[in-house]
Every structure is written in C-alpha cells, then in structure tokens.
Amino acid sequence: DAGITQSPRHKVTETGTPVTLRCHQTENHRYMYWYRQDPGHGLRLIHYSYGVKDTDKGEVSDGYSVSRSKTEDFLLTLESATSSQTSVYFCAISESLLHSSSYEQYFGPGTRLTVT
Amino acid sequence: AQSVTQPDIHITVSEGASLELRCNYSYGATPYLFWYVQSPGQGLQLLLKYFSGDTLVQGIKGFEAEFKRSQSSFNLRKPSVHWSDAAEYFCAVATYGGSQGNLIFGKGTKLSVKP
C-alpha cells in the first residue's frame, strides 16, 4: 500500500469554526488531491496540487482552501465549517508521467468530518 | 463534458455466481480508465486500469475488465464472487493534459453477496 496517512481520522466540529485536515505521504509523489465523498455523489475533487506551492481548484472548491509547503504534506482547510461540509474526505497521490504511463491515484484512509 | 455513469446503484449476487458491473464513460480523447474498490470504512483500492493495448485487462483479486470503444464502456467482471467481494465499486476516467490527470468518478455500485 502507498504510504499515505490522514489526520485526524474523525472529527466533530461546530458550524463556523475553522478546520484543517492533513494528508502526509512518504512516496515522494508530485501530485496530491483532496476529494470529498457523499452518498449518491461518488467522489468529487476539491483541490489538487502539482508541486510545492502549486495548487488548483477542482469541481467543488468553494469554502475550501489548500496549502502545500512540503512535498509530503497537503493541507485542506475549511475556513468556516458549514453543515454541508459534513462528509468523508480522502487524500490521493499520483506520480507524474515522467515515472508512470498512466494517471492512477492512490488513496489514503479518509477523514470523517461532522459539522454540527 | 467528461462523465462516468454506473447504471446500477446496488447489485446482489450469490456467492459463487458470476458478476458484471457496468460502466459507461464520456470523454473525447483516448480514455484512461480505472476501477476502484472500497470496503466499508476504508479508502479506495485500485483494482485495475486500462490506458492502451489489450482491451481485456486483468486486475487484482481475480477481477477483469473489458474496454469497448464502440460502446464507451468499461465493464468489470469476475467469474465467481466470494463473500469478501462485498464492497462498493467505482469506475473512473482520467482527464489529462501534459503530465497530470484528474479522475472523474462514477457514483459507485454497491455489491452485496448472498451466502
């Protein structure tokens, strides 16, 4: 299994509070992603990173920000959590085409976030 | 726009029976296609992938999938299902440019296995 950890694994927070989720990898992969998973929606991309300090928005980026100051860490921040952000959040990593002929991603174990 | 459709939300099969999970994609260029499996409370695990060559690809756990360009399909199959195969299965297509690609996922098919 790819070396990807997410912390915390579970979190309950109140509406309006800031929340930061962390993704840490030991694979030295260039690309990192944040997804949210909701029943009936599958996985939807929030933000991704293509290198240190290089990030871009995904399909559902409103209300989220990200940062990547080191290759191994990718942080997802909810500036002011809302109940609609209650979800399971997954981090994923992938190599660049320099090392892989495909675009497969490897996923972390997920963080279950509940906003009350 | 690119999309992935998994027509079956929930499928129940008997242990030992064959399985086919359907996936249809919409993508203008040559697709890179994937199947992932998610056990309850777990992350997603890559089952198999297609990006070129033989249209029948083999994956882990005895799964295979066949790419049919004419039907825009990438259906997942297993000849004999085991109780441990009960999980949710996701089909995905990579949208790519340069050296980076994003995945678009279907909404998933939940597989239940009857003893």
Side-chain angles (χ1 to χ4, degrees), chain A residues 1-7 9-10 21 23-25 27 29-51 54-61 88-112, chain B residues 1-10 21 23-25 27 29-53 57 59-60 65 67 74 87-110:
Chain A
D1 289 347
I4 311 169
T5 57
Q6 293 184 231
S7 59
R9 294 293 315 277
H10 301 270
L21 308 182
C23 177
H24 178 79
Q25 60 145 330
E27 305 296 322
H29 282 11
R30 178 178 175 187
Y31 298 100
M32 299 185 74
Y33 308 81
W34 276 109
Y35 292 89
R36 60 178 290 173
Q37 183 179 31
D38 305 288
H41 288 276
L43 279 84
R44 293 178 292 175
L45 182 65
I46 304 171
H47 282 281
Y48 64 96
S49 169
Y50 47 96
D54 291 323
T55 65
D56 205 348
K57 296 179 179 180
E59 176 189 358
V60 290
S61 59
V88 181
Y89 291 87
F90 287 98
C91 173
I93 64 175
S94 70
E95 297 177 304
S96 72
L97 267 188
L98 291 175
H99 302 96
S100 171
S101 57
S102 67
Y103 296 90
E104 60 203 68
Q105 296 181 13
Y106 301 95
F107 285 79
T111 294
R112 182 173 295 276
Chain B
Q2 303 91 346
S3 65
V4 175
T5 301
Q6 294 180 245
D8 304 305
I9 297 173
H10 190 187
L21 301 182
C23 172
N24 293 97
Y25 69 90
Y27 188 59
T30 300
Y32 288 13
L33 296 159
F34 306 86
W35 275 100
Y36 285 85
V37 60
Q38 184 181 32
S39 297
Q42 304 295 312
L44 277 73
Q45 181 182 20
L46 181 65
L47 275 178
L48 48 78
K49 62 186 180 184
Y50 168 81
F51 53 90
S52 67
V57 295
I60 62 172
F67 169 59
F74 188 55
E88 191 157 19
Y89 292 80
F90 293 93
C91 181
V93 64
T95 65
Y96 54 89
S99 65
Q100 184 269 337
N102 290 333
L103 294 184
I104 295 176
F105 286 86
K107 295 182 178 180
T109 297
K110 184 175 181 180

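The chains referred to below are lettered A, B, ... by the order of the sequence lines, with proteins before strands, and numbering in each begins at 1.
With sequence neighbours left out, the ring pair (Phe, Tyr, Trp, His ring centres under 6.0 Å) criterion links B:Tyr36 to A:Phe107, B:Phe105. Judged as a ring pair (Phe, Tyr, Trp, His ring centres under 6.0 Å), and not counting sequence neighbours, B:Tyr25 has no contacts.
Here the straight-line distance linking atom CG of B:Asn102 with atom OH of A:Tyr31 works out to 10.0 Å at 0.5 Å rounding. How far CG of B:Leu103 is from CD of A:Gln105: 4.0 Å, rounded to the nearest 0.5 Å.
Heavy-atom distances place no part of B:Gln6 under 4.5 Å from chain A, backbone and side chain included. Contact annotation for A:Gln37: only side-chain heavy atoms (C-beta onward) come within less than 4.5 Å of a heavy atom of chain B.
A heavy-atom distance below 4.5 Å is found between the side chains of B:Leu44 and A:Leu43.
The number of heavy-atom neighbours closer than 6.0 Å to CZ of A:Arg44, taken from other residues, nucleotides and ligands shown, is above 12.
Between A:Phe90 and B:Gln38 the shortest heavy-atom distance is CZ-NE2, 3.2 Å.
Per-residue heavy-atom pair counts under 4.5 Å with chain B were compared for A:Gly108, A:Gly40, A:Gly110, and the maximum is reached by A:Gly40. Comparing B:Gly108, B:Gly43, B:Ala92 by how many heavy-atom pairs each has under 4.5 Å with chain A, the most go to B:Gly43.
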